[in-house]
Amino acid sequence: MSYRDEMSRTLSYARHDTLEGLLQRGRGLGAQRALAEPGAGAPFVYNGIRRDWKWDSQTDTRCVYQARLIRDLDLSPTPLVDQLSGDEEECRRAADVLELLALDGSDEAREGLRAYIRAGDHWVAVLQSVADGWPAEWWEDLGDVACARISGEEDLPWSFEPWGRFGIALPSRQFAPRPSLSPLSDGELLALLTADGTEFNTKVDALRAFAVREPVPGLIPLVPSLGTLDGRRPLPRLRPAIARLGALAVPAAREWAADGREWLAALGAAVLADHPGPEALPGLVAELAEQWEARVWCGPDTTAQRLARFGPEAADAVPVLWRYWRHTPHSYERADYLKALAAIDPSGLDEAYTESLWDCEERARLLAIASAPHHPQALHRIAVLRDDPMDTPEVRAAARARMAP
């Protein structure tokens, strides 16, 4: 299958049920089959790092999935070290995997990256990344290299570390850290949003804080005043803050949707669409079916989330949700299809949850850790995730919690 992705590339994916197609999509079943057929899987694993098969490079992830395959299939990291000499994107894909392999104990991966930092073209990005993910003793001795090479860079780095540790001053790139508003009470945050003298960035920070708190109904009457000064758009982070309110915002959203300000009307319409009434169900089922027929890969997750609110009444959507879960190359959205299926018709999900313990996406693995059945295969895999230094801290913590006595 050939598709145009969001970066205007043509990606020709293999069939979704072949080993090659499963690995391109980052499906857990692909990893399982590759482990069962090591000789058959190796070329596809390397190809998946040479080429970027992510549908959306901003949200889809592959590096943990690929690093595990390199390790578990006992494949050599040498081709990845060689790939560092490619263009910036090729280098980045190889470096992401090598960084993880080093954490798992691969000396070749670690030394390959260190050698690249000494002489490679895209060394700045690689050094910043390893400084963020590796123990300091693995990279802090490269300070002399960094000091010698940084003067030849046209584009100076943005981050403070590791440059500050090396005594490399980048004054034009420094930004004063903003104080966290997390300690403030709900009332204090609301007061910041209503005060005339509050700076733009402070209001944005207040909305960011509301987006991760329990719902605060007092935010609702303030929404019409939370647009930019030119009246053309909402303040950044307003939409996530309102989403946190859930159905509490629906009555006010009906008024916002009729407002003459375009941004407020759009916000109200979005809230109402996220909380549809019974009359919307047939249209949503039809919308998902039309998205499937057009092979729309970016966006059906939103339709799935809205369908999930209807529970078993949305049963007509179940076959299409399963098709999306199996076929989509947009791996980030797979977890949302599973969540929708769980809300509408959870039958048959045990196998999908178990497979998802091998998925490329953190969201899918977290969902699987919480929901996979209590049987030996799943529990063994969760124990592996708990102890895997290449996985994310969130996944390891969730696995520890699931395996706790």
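Remember, predicted model here, so these are calculated numbers, not experimental data.
Using a cut-off of 4.0 Å between Lys/Arg side-chain N and Asp/Glu carboxylate O, Arg68 and Asp388 are scored as salt-bridged. Between Arg71 and Asp74 no salt bridge is recorded (no basic side-chain N to carboxylate O distance below 4.0 Å). With salt bridges taken as basic N to acidic carboxylate O contacts below 4.0 Å, one links Glu99 and Arg92. We find that Asp141 and Arg114 are joined by a salt bridge, their nearest charged nitrogen and carboxylate oxygen being less than 4.0 Å apart. Between Asp336 and Arg363 there is a salt bridge, with a side-chain nitrogen of the basic residue lying less than 4.0 Å from a carboxylate oxygen of the acidic one.
Put simply, the side chain of Ser331 never gets that close to the backbone of Glu361: no donor and acceptor are under 3.5 Å apart. Between the side chain of Ser371 and the backbone N or O of Leu367, at least one donor-acceptor pair lies under 3.5 Å. Within the 3.5 Å criterion, the main-chain N or O of Gly21 finds a donor-acceptor partner in the side chain of Arg25. Listed for the Ser356 side chain is a donor-acceptor partner under 3.5 Å among the backbone atoms of Ala352. Here the side chain of Gln83 pairs a donor or acceptor atom with the backbone of Glu90 at under 3.5 angstrom. Judged by distance alone, the side chain of Asp60 and the main-chain N or O of Asp56 form a donor-acceptor pair under 3.5 Å. Between the side chain of Glu262 and the main chain of Arg232, no donor-acceptor pair closer than 3.5 Å is present. Panel note: side chain Arg386, backbone Ala397; no donor-acceptor pair is recorded below 3.5 Å.
Remark: Arg254 is not positioned above the aromatic ring of Trp256, lacking an NZ or CZ atom under 6.0 angstrom from the ring centre and at most 45 degrees off the axis. Geometrically, Arg165 does not engage Trp163 in a cation-pi contact defined by less than 6.0 Å to the ring centre and at most 45° from the axis. Trp325 carries Arg27 over the face of its six-membered ring, with the cationic atom under 6.0 Å from the centre and within 45° of the normal. Because its NZ or CZ atom is not both nearer than 6.0 Å to the ring centre of Phe210 and within 45° of the ring axis, Arg244 does not count as a cation-pi partner of that residue.
Of all non-hydrogen atoms in Leu222 and Leu193, the two that sit nearest each other are CD1-CB, 4.1 Å. Of all heavy-atom pairs spanning Leu307 and Ile344, the tightest one is O-CD1, 4.0 Å. The shortest non-hydrogen separation linking Arg365 to Asp391 is NH2-OD1, 2.8 Å. Taking each heavy atom of Leu127 and Ala146 in turn, the nearest pair found is CD2-CB, 4.0 Å. The nearest pair of heavy atoms linking Arg33 to Asp17 is NH1-O, 2.8 Å. The shortest non-hydrogen separation linking Gly231 to Trp263 is O-CD1, 3.4 Å.
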Next on the checklist: If you apply the rule side chain to side chain contact (heavy atoms under 4.5 Å, CB included), what do you find for Val97 with Val64, and how did you get there?
Outcome noted: CA-CA 7 Å; Val97 175; Val64 172; over 6 Å; no
Next on the checklist: Go through it in stages, so that I can follow the logic: the residues are Thr61 and Glu362, the test is side chain to side chain contact (heavy atoms under 4.5 Å, CB included), and I'd like the CA-CA distance, side-chain angles, deciding distance and then a yes or no.
Outcome noted: CA-CA 8 Å; Thr61 59; Glu362 178 188 61; 5.9 Å; no
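Residues meeting the ring-ring contact (aromatic ring centres under 6.0 Å, His included) test with Tyr337, sequence neighbours left out: Tyr324. With sequence neighbours excluded, the residues satisfying ring-ring contact (aromatic ring centres under 6.0 Å, His included) with Trp134 are Trp138.
Side-chain N/O atoms of Thr303 and Gln291 include a donor and acceptor closer than 3.5 Å.
His327 and Trp297 have their aromatic ring centers separated by at least 6.0 angstrom.
Taking the six-membered ring where tryptophan is involved, the planes of Trp55 and Tyr13 are tilted, since the angle between them lies from 30° to 60°.
For His375, the NE2 atom is densely surrounded, since the number of other residues' heavy atoms within 6.0 Å is greater than 12.
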